[in-house]
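To keep things clear, I will list the structure first and then write my remarks on it.
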Protein chains: 2
Amino acid sequence: MGTIAEQSTALRMSTLRLARRLRAERVDPSLSDGQFAVLGWLHKHGPLTLTQLAEHERVSAPSMNRTVNCLEESGYLVREADEADRRRSNIRLTGTGRDIVTTTLKQRDAWLTTRLRDLSKEDRATLARAAELMGDLATL
Amino acid sequence: MGTIAEQSTALRMSTLRLARRLRAERVDPSLSDGQFAVLGWLHKHGPLTLTQLAEHERVSAPSMNRTVNCLEESGYLVREADEADRRRSNIRLTGTGRDIVTTTLKQRDAWLTTRLRDLSKEDRATLARAAELMGDLATL
DNA sequence: ATAACAAATTAGCAATGCTAAGTAAAGCGG
DNA sequence: CCGCTTTACTTAGCATTGCTAATTTGTTAT
C-alpha cells in the first residue's frame with residue numbers, strides 16, 4: 001500500500017486529474033465552473049457582497065468582480081446598493097439565475113453518475129467514504 | 001449512503017474543493033502544477049513522446065509542447081530524436097530534472113502528508129484505494 | 001475637519017487552456 | 001518511384017482566469 005508520503009502523492013495527483021476531468025465535463029458551455037460556483041453559493045446563502053463572495057471562493061476581489069460582471073450581463077444576478085454602507089452592493093440572484101442553478105444541478109453530475117454505475121458496490125462505497133474524508137481534509 | 005446521483009455530487013464537490021486546497025498549498029513557486037506533473041510522470045515511466053505526455057495529462061499537444069519547452073529551457077528535460085521515427089522526439093529527464101523530482105516530492109505533499117498521518121489506518125487505506133479508482137475514472 | 005481606512009472597480013500582466021494552420025516524416029496504392 | 005493521406009510536432013494567436021497596483025468613492029476615528 002506504500003508509505004504515507006506515497007499515498008499523499010497518489011491522492012494528490014488523482015484528485016487534480018479527476019478535478020480537471022470533471023471541469024471538462026460540464027454541461028452548460030456558457031457557464032464556467034467558477035461562475036456556477038458563485039450562482040450556487042448565492043442560491044444557498046442569499047444576497048452577499050463582492051468581498052464575501054471573493055473570500056468564500058478564495059479568489060481576489062478583482063477576479064470576483066469580473067466574474068460577477070459577466071453574470072450580471074447575462075442576467076443571472078443583480079447588484080443592489082446597500083443602504084447602510086453605500087460602498088457596498090448586495091449581489092442577489094435573479095429569477096433566471098435561480099432557474100439556471102436548479103436545472104443545472106440535475107444534469108451536472110450525469111457523466112460521473114454513469115461512471116459510478118459501472119463500479120462495484122464496494123468501490124462506490126469506498127468513493128463515498130473517501131468523498132467525506134476529502135471534504136474534511138479540504139476544510140482543515 | 002445515498003443514491004448514486006448523490007454520491008456523484010458529493011464526490012464531485014469534494015474533489016474540486018480538495019483540488020483547490022491542494023493547489024493553494026503548493027510549496028515550490030518555481031514549478032507549476034502542470035509542469036511538475038510532467039516531470040513526475042517522466043520520472044516514473046521513463047522517456048515518452050510529446051503525444052504520450054499530452055494524452056496522459058489530458059491536454060492538447062500544443063499545450064504540452066509549451067510546457068515541455070519551458071521545462072527544456074530550465075534544463076529539467078531534453079528532447080532526443082527518435083531513430084526509428086524521426087518525426088518524434090523522446091523526452092527524457094536530465095540529472096537536474098531527476099533531482100528536482102526527488103527533492104520536491106518530499107516537500108510537495110507535506111501538507112497532505114501531515115493530514116493523512118492524523119487519520120486512522122483504515123481511513124488512509126480508503127483514500128489510497130479511492131485514489132486508484134479516481135485515477136481510473138479520470139482516464140475513461 | 002481631516003487623516004486613515006475600507007469596498008468596489010479599472011487597467012494591465014501572467015499563466016494556461018484551446019483551435020487552426022504549417023512543416024516534416026512515414027506509410028501506402030498505383 | 002510518385003503522389004496522397006496520415007501522423008507528430010510546432011507556431012501563432014485567442015480566451016479564460018488568476019493576480020497586483022492604482023483609482024474612486026464612502027466610512028470611521030482623531
I'd like to compare against my own output: the B/S/- annotation of nucleotides 15-29 of chain C with a strict under-4.0 Å heavy-atom distance to protein.
-BBBBB----BS---

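Residues A:L71 and A:L48 share a hydrophobic cluster, clusters being chains of Ile/Leu/Val/Met/Phe/Trp/Tyr side chains in contact below 4.5 Å.
Nucleotide D:dT17 holds its P atom 10 Å from the CG atom of A:L31, rounded to whole Å. For the pair A:E72 CD and C:dT9 C1', the interatomic distance rounds to 12 Å; values are reported in whole Å. Distance A:L50 CG to D:dT24 C1': 15 Å, rounded to the nearest Å. Put simply, CG on B:L48 is 15 Å from C1' on D:dA8, counting in whole angstrom units. When rounded to the nearest whole Å, the span between CD of B:E80 and C1' of D:dC9 equals 17 Å.
Residues B:I100 and B:L93 fail the side-chain proximity criterion, which asks for heavy atoms closer than 4.5 Å.
Put simply, B:T51 has a side-chain N or O that comes within less than 4.0 Å of OP1 or OP2 on D:dC9. Contact annotation: A:N65 reaches the phosphate of C:dT9 (side-chain N/O to OP1 or OP2, under 4.0 Å).
By the 6.0 Å contact criterion, CZ on B:R86 is open, its count of non-hydrogen atoms from other residues, nucleotides or ligands being 12 or less. Shown here is A:R92, whose CZ atom has no more than 12 heavy atoms of other residues, nucleotides or ligands within 6.0 Å.
Taking B:D85 as the reference, B:R87, B:R88 meet the salt bridge (Lys or Arg N to Asp or Glu O under 4.0 Å) condition, with sequence neighbours excluded.
Contact check on A:R115 versus A:D123 returns no salt bridge, with no Lys/Arg side-chain nitrogen under 4.0 Å from an Asp/Glu carboxylate oxygen.
Map A:N69 and A:R88 each onto its nearest nucleotide of DNA chain C; the residue landing nearer the 5' end is A:R88.
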